[in-house]
Amino acid sequence: MALSRLCWARTALWGSAVTPRPYVTRRLQLVRAGRTWGPPWSSKLHLSPKADSKSLISYVATKTKMISEKYHHFLERYFPRFYVLYTTFTKGFRQLWADGKKCRRIKADMAKHNVKFHQLSYRDMEHLRQFRRDITKCFFLGVISVPPFANYLVFLLMYLFPRQLLVRHFWTPKQQIDFLNIYHDIRKKSHPEILSYLEKVSPLISEKGLRWHMTELCTKIQRGTHPAIPDILALRKCFSKPPLGMSQLHASQIKALSRAMLLTTHLPSFLLRRRLKTHTTVIHQLDKALAKLGINQLTEQEVKSACYLRGLNSTHIADERCRTWLAEWLQISCSLKGE
């Protein structure tokens, strides 16, 4: 009996001596599962380098935005006139860049689907036409800023002559109205010259009926009467043959028509004639696309821009009156042949 108790005591003693502790048991389980020996794992969660870079970029962007806002408030408070110029130029560059990206997309779609300019939608055609004129004006600024230190002179010229050197994106709202009025006044000065030329060449029209219609139309316009659509359409044959055909017009008349279309007149006569033909052809293509789209689909700003391009100073005219005038224009334009 005593020997049996001694054996049980030794067994219990050895068992307690070799029984692994909980930490050792956990390490043995990790070894059996394929883990290697090493220091205990840290309970902290470490982000990946990609997550760290994202958080850093977000932090830098937030700080940059805060500094920019403080800078804007500082300029607006202490330098209000410079702040207006600064914000106008900043927004202008963004709008011009966005227009360039949209123009590039339209060009890519044209090349991909083998589409010509006159097959585009009205808004795409108008966007391409306007962007071409804007980028041509910007190209002139780029040329004169090429010489060393000429960029300082360019900034001064842009400040002194914003209408002549800058595009519409860099005009303030007040400047946009004022400059459009100035351009329309320049356009109006060419109207008497165009009308006097029509009176001068009307006796040279071969057909008696067309000659009488031309004389009556000139008389109505001189009296301030707005001509009716049938009176204008009755004379369309006069402008497809001598003496009023595009190819037979004198250089002075070409320059007067170019001023009426807000085109430059500082070019040789053959280039003026070619550019005038191209410009009128583009407007005719725009008219067909607009008639297909519908005037009611245009916004108020689009209607005013379309009327101004075609000769109406729409800056001070109500939207409904502009739409009526544009509908009459389309009725005349779509009745003419493409050539």
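In what follows, residues are counted from 1 in the order of the sequence shown.
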Do [X] and [Y] have side chains that get closer than 4.5 Å, going by heavy atoms?
{"X": "R129", "Y": "L309", "value": "yes"}
{"X": "T281", "Y": "Q285", "value": "yes"}
{"X": "L298", "Y": "R123", "value": "yes"}
{"X": "F161", "Y": "L166", "value": "no"}
{"X": "L257", "Y": "L249", "value": "yes"}
{"X": "V167", "Y": "C138", "value": "yes"}
{"X": "I254", "Y": "M246", "value": "yes"}
{"X": "K292", "Y": "K288", "value": "no"}

Item to check | Residues which pass side chain to side chain contact (heavy atoms under 4.5 Å, CB included) with Q95, listed by chain and number, not counting sequence neighbours | outcome: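 Here the qualifying residues are H169.
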
Next on the checklist: If the condition is side chain to side chain contact (heavy atoms under 4.5 Å, CB included), which residues does I182 pass it with, not counting sequence neighbours?
Outcome noted: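 If we apply the side chain to side chain contact (heavy atoms under 4.5 Å, CB included) test to I182, skipping adjacent residues, the hits are R163, F179, I186.
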
Checklist entry - With ILVMFWY side chains joined below 4.5 Å, transitively, what does F139's cluster contain besides itself? => result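 Via sub-4.5 Å side-chain contacts, F139 links to V143.
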
Checklist entry - Stepwise, does the side chain to side chain contact (heavy atoms under 4.5 Å, CB included) test hold for Q175 with T88? => result CA-CA 11 Å; Q175 285 178 336; T88 301; 5.7 Å; no

How long is the straight-line distance from [atom2] of [Y] back to [atom1] of [X], given to the nearest 0.5 Å?
{"X": "M125", "Y": "I283", "atom1": "CE", "atom2": "CD1", "result": "11.0 Å"}
{"X": "L210", "Y": "R236", "atom1": "CG", "atom2": "CZ", "result": "11.0 Å"}
{"X": "Q130", "Y": "C103", "atom1": "CD", "atom2": "SG", "result": "11.5 Å"}
{"X": "L217", "Y": "Q222", "atom1": "CG", "atom2": "CD", "result": "10.0 Å"}
{"X": "L262", "Y": "H184", "atom1": "CG", "atom2": "NE2", "result": "9.5 Å"}
{"X": "T219", "Y": "E216", "atom1": "OG1", "atom2": "CD", "result": "5.5 Å"}

Indicate the atoms forming the closest heavy-atom contact of [X] with [Y], along with that distance.
{"X": "A256", "Y": "S190", "answer": "O-CB, 3.5 Å"}
{"X": "I106", "Y": "H127", "answer": "CD1-CD2, 4.1 Å"}
{"X": "L165", "Y": "L141", "answer": "O-CD1, 3.3 Å"}
{"X": "S206", "Y": "K241", "answer": "OG-NZ, 4.5 Å"}
{"X": "K277", "Y": "S247", "answer": "NZ-OG, 3.5 Å"}
{"X": "L235", "Y": "M214", "answer": "CD2-N, 3.6 Å"}

Checklist entry - Should D319 and R323 be marked as a salt bridge (charged side-chain N to carboxylate O under 4.0 Å, His left out) after you check the CA-CA gap, both sets of side-chain angles, and the distance that decides it? => result CA-CA 6 Å; D319 177 67; R323 292 180 186 272; 2.8 Å; yes

So for atom [atom1], which belongs to [X], do other residues, nucleotides or ligands contribute more than 12 heavy atoms lying within a distance under 6.0 Å?
{"X": "Y159", "atom1": "OH", "result": "no"}
{"X": "F117", "atom1": "CZ", "result": "yes"}
{"X": "K137", "atom1": "NZ", "result": "yes"}
{"X": "R104", "atom1": "CZ", "result": "no"}

Checklist outcome for this item: Which of R105, K112, K107 passes salt bridge (charged side-chain N to carboxylate O under 4.0 Å, His left out) with D109? Answer is R105

May I ask whether [X] and [Y] are part of the same hydrophobic cluster, defined by side-chain heavy atoms of I, L, V, M, F, W, Y residues being less than 4.5 angstrom apart, directly or through others?
{"X": "I317", "Y": "I295", "answer": "yes"}
{"X": "Y197", "Y": "I205", "answer": "yes"}
{"X": "L336", "Y": "L198", "answer": "no"}
{"X": "L195", "Y": "M261", "answer": "yes"}
{"X": "F140", "Y": "I135", "answer": "yes"}

Checklist entry - With sequence neighbours excluded, what pairs up with K174 under the side-chain hydrogen bond (donor to acceptor under 3.5 Å, both in side chains) test? => result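 Applying side-chain hydrogen bond (donor to acceptor under 3.5 Å, both in side chains) to K174 gives D178.
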
Item to check | Listed partners of N313 passing side-chain hydrogen bond (donor to acceptor under 3.5 Å, both in side chains), at least two apart | outcome: N181, T315

Checklist entry - Going through the distances and angles, do E126 and S305 end up as a side chain to side chain contact (heavy atoms under 4.5 Å, CB included)? => result CA-CA 10 Å; E126 175 61 20; S305 299; 5.5 Å; no

Checklist entry - Does Q297 reach the main-chain N or O of G294 with its side chain, forming a donor-acceptor pair under 3.5 Å? => result no

Checklist entry - Any sub-3.5 Å donor-acceptor pair from S202's side-chain atoms to E199's backbone N or O? => result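 Answer holds: yes.
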
Checklist entry - Hey, mind stepping through L128 and M110 against side chain to side chain contact (heavy atoms under 4.5 Å, CB included) and telling me if it holds? => result CA-CA 12 Å; L128 285 180; M110 291 174 63; 3.9 Å; yes

Next on the checklist: Looking at Y183, I'd like to know if the NZ or CZ of R168 sits under 6.0 Å from its six-membered ring centre while staying within 45 degrees of the ring's axis.
Outcome noted: no

Item to check | Test log, rule side chain to side chain contact (heavy atoms under 4.5 Å, CB included), inputs L157 and Q164 | outcome: CA-CA 9 Å; L157 293 176; Q164 293 84 353; over 6 Å; no

Checklist entry - According to the side-chain hydrogen bond (donor to acceptor under 3.5 Å, both in side chains) rule, which pairs have a member within residues 248-274, sequence neighbours left out? => result E193-R259

Checklist entry - Do the ring planes of F170 and F89 sit parallel (below 30°), tilted (30 to 60°) or perpendicular (above 60°)? => result tilted

